[in-house]
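Report on one structure; see the data block that follows.
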Amino acid sequence: MAKAKEMTPEGNTVEHGGFDPLAADWRDRLSQSGTATIQVDAAPCQAQLTLRGDPADPAFAKAVEAQTGLLPPPVANTLTADEHCRLLWLGPDEWMLLAPPHQGALLLSGLTVAFAALSPATNAMVIDTSETRRALDVWGPDAVQLLERGCALDLHPRAFPIGRCAQGLLAGLPVLIAHLPRRNGANHPCLRIFARTSMVRHLAWWLVDALAEFRRPGK
Amino acid sequence: MERIPCPHCGPRPLAEFSYGGEVVPRPDPEPADDATWGAYLYVRSNPKGPQSERWVHIHGCRRWFTLTRDTATHRILDTPLRKEEA
């Protein structure tokens with residue numbers, strides 16, 4: 001089955017370990033479910049590397065910065081970003097590095113070598129978890145209202161501005177939500193929701209179902 | 001829903017957490033006899049009132065912490081410690 005390869009600034013949208021739970025039919029279903037005030041789409045597939053280490057150890061932070069150009073975000077539930085990569089806080093000693101797919105292998109080997117060269121007193125590890133999660137993007141003026149139907153996190157921009165991320169439950173699923181300034185090169189902010197690859201269709205179904213309410217007349 | 005103060009993420013709904021039970025000091029296994037070890041594994045004080053207990057933010061940052069909760073009122077009585085060990 002030949003698929004068009006759509007290159008985006010963030011990455012190739014169709015390569016995800018050969019299996020994409022949000023392939024073409026799902027992308028159509030999601031885009032057709034959108035309303036005037038809420039849009040939903042599959043996020044571009046990106047390399048996801050899990051980094052662990054002590055953020056207070058300058059050797060670790062320096063190695064991460066040398067390889068990725070980013071420092072681990074100093075504040076819990078925030079992210080740092082440049083035009084290629086993003087580094088999301090997952091725990092006090094754990095981060096997720098998002099990178100364009102074609103950079104994943106290079107970053108993984110670069111970080112592995114850099115961490116191996118650190119002194120034994122420095123704890124650091126990197127592992128490729130690209131297949132673990134698949135992401136959906138939700139954007140538009142009523143996007144937060146939609147997610148509030150199934151999420152107890154306060155996603156209002158005053159509590160969850162651009163540059164925040166948080167892990168919690170959405171529609172019963174453990175998710176990671178990040179508030180990003182741009183989506184796929186388009187200049188509007190979006191909420192990117194990462195769920196387990198095996199469960200992301202449940203989330204897609206839930207979003208399609210929850211959107212029905214916003215298409216009612218008068219809404 | 002009751003909210004639990006995660007030391008890293010702040011107050012979050014109870015559903016994001018798992019309960020790890022009362023904090024019980026671990027005896028040195030070598031000199032401990034069966035009764036001491038059995039008590040460590042199975043005996044809990046089950047107080048009505050303040051109890052020091054372990055929680056894990058399982059659907060959030062996945063870190064363990066210790067807090068004091070009143071078992072009768074569910075009121076959280078202290079700010080959890082930021083360290084991993086009790």
Side-chain angles (χ1 to χ4, degrees), chain A residues 50-56 72-79 87-96 123 125 127 129 132-133 147-156 158-161 163-179 193-196 199-200 202-203, chain B residues 1-26 28-30 40-41 44 49-86:
Chain A
T50 299
L51 276 61
R52 296 199 68 174
D54 180 0
V75 179
N77 291 305
T78 61
L79 61 92
L87 203 47
L88 283 70
W89 187 95
L90 294 184
D93 58 1
E94 187 175 5
W95 301 268
M96 181 168 82
N123 292 318
M125 66 152 246
I127 187 166
T129 49
T132 309
R133 302 180 190 84
L147 298 182
E148 276 171 355
R149 299 291 193 270
C151 185
L153 292 169
D154 186 357
L155 297 173
H156 190 281
R158 99 191 132 226
F160 199 76
R164 293 287 292 192
C165 61
Q167 296 162 98
L169 294 170
L170 169 59
L173 289 185
V175 292
L176 164 65
I177 305 180
H179 196 174
I193 308 162
F194 295 86
R196 300 270 185 261
M199 301 192 223
V200 74
H202 165 82
L203 184 60
Chain B
M1 188 188 283
E2 188 171 355
R3 296 205 294 174
I4 302 290
C6 171
H8 305 290
C9 305
R12 292 290 190 90
L14 177 61
E16 291 180 15
F17 294 83
S18 282
Y19 178 60
E22 184 188 2
V23 176
V24 182
R26 186 174 187 267
D28 186 348
E30 209 46 60
Y40 163 64
L41 289 179
R44 297 293 180 265
Q51 170 176 262
S52 190
E53 51 194 27
R54 300 284 280 161
W55 286 83
V56 59
H57 193 188
I58 190 76
H59 295 309
C61 61
R62 306 202 311 281
R63 294 308 182 277
W64 284 91
F65 56 91
T66 302
L67 57 74
T68 309
R69 179 183 61 104
D70 188 312
T71 59
T73 63
H74 294 299
R75 182 175 294 184
I76 310 291
L77 300 171
D78 67 358
T79 313
L81 302 172
R82 248 181 196 276
K83 57 187 176 183
E84 301 271 317
E85 301 299 323

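Lettering follows sequence order; numbering is per chain, from 1.
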Please say whether more than 12 non-hydrogen atoms of neighbouring residues, nucleotides or ligands are located less than 6.0 Å from CD1 in A/I127.
-> no
Pairing residues for A/R52 by the salt bridge (charged side-chain N to carboxylate O under 4.0 Å, His left out) criterion, not counting sequence neighbours | A/D93
Under the salt bridge (charged side-chain N to carboxylate O under 4.0 Å, His left out) test, which residues partner B/R69, sequence neighbours left out?
-> B/E53
Determine, stepwise, if the pair B/H59 / A/V175 fulfils side-chain contact (heavy atoms from CB on, under 4.5 Å).
-> CA-CA 8 Å; B/H59 295 309; A/V175 292; over 6 Å; no
Heavy-atom closest pair (A/A152 atom, B/P13 atom, distance to 0.1 Å) is CB-CG, 3.4 Å
Has the side chain of B/R12 got a donor or acceptor atom that lies under 3.5 Å from a matching backbone atom of A/Q167?
-> yes
Heavy-atom closest contact (A/G91 atom, B/R63 atom, distance) = CA-NH2, 4.1 Å
Below 4.5 Å from any heavy atom of chain B, which atoms of A/L176 appear? Answer side chain, backbone, both or neither.
-> neither
Is B/R44 atom CZ crowded by more than 12 heavy atoms from other residues, nucleotides or ligands, each under 6.0 Å away?
-> yes
Chain B heavy atoms under 4.5 Å from A/L90: which part of the residue, side chain, backbone, both or neither?
-> backbone
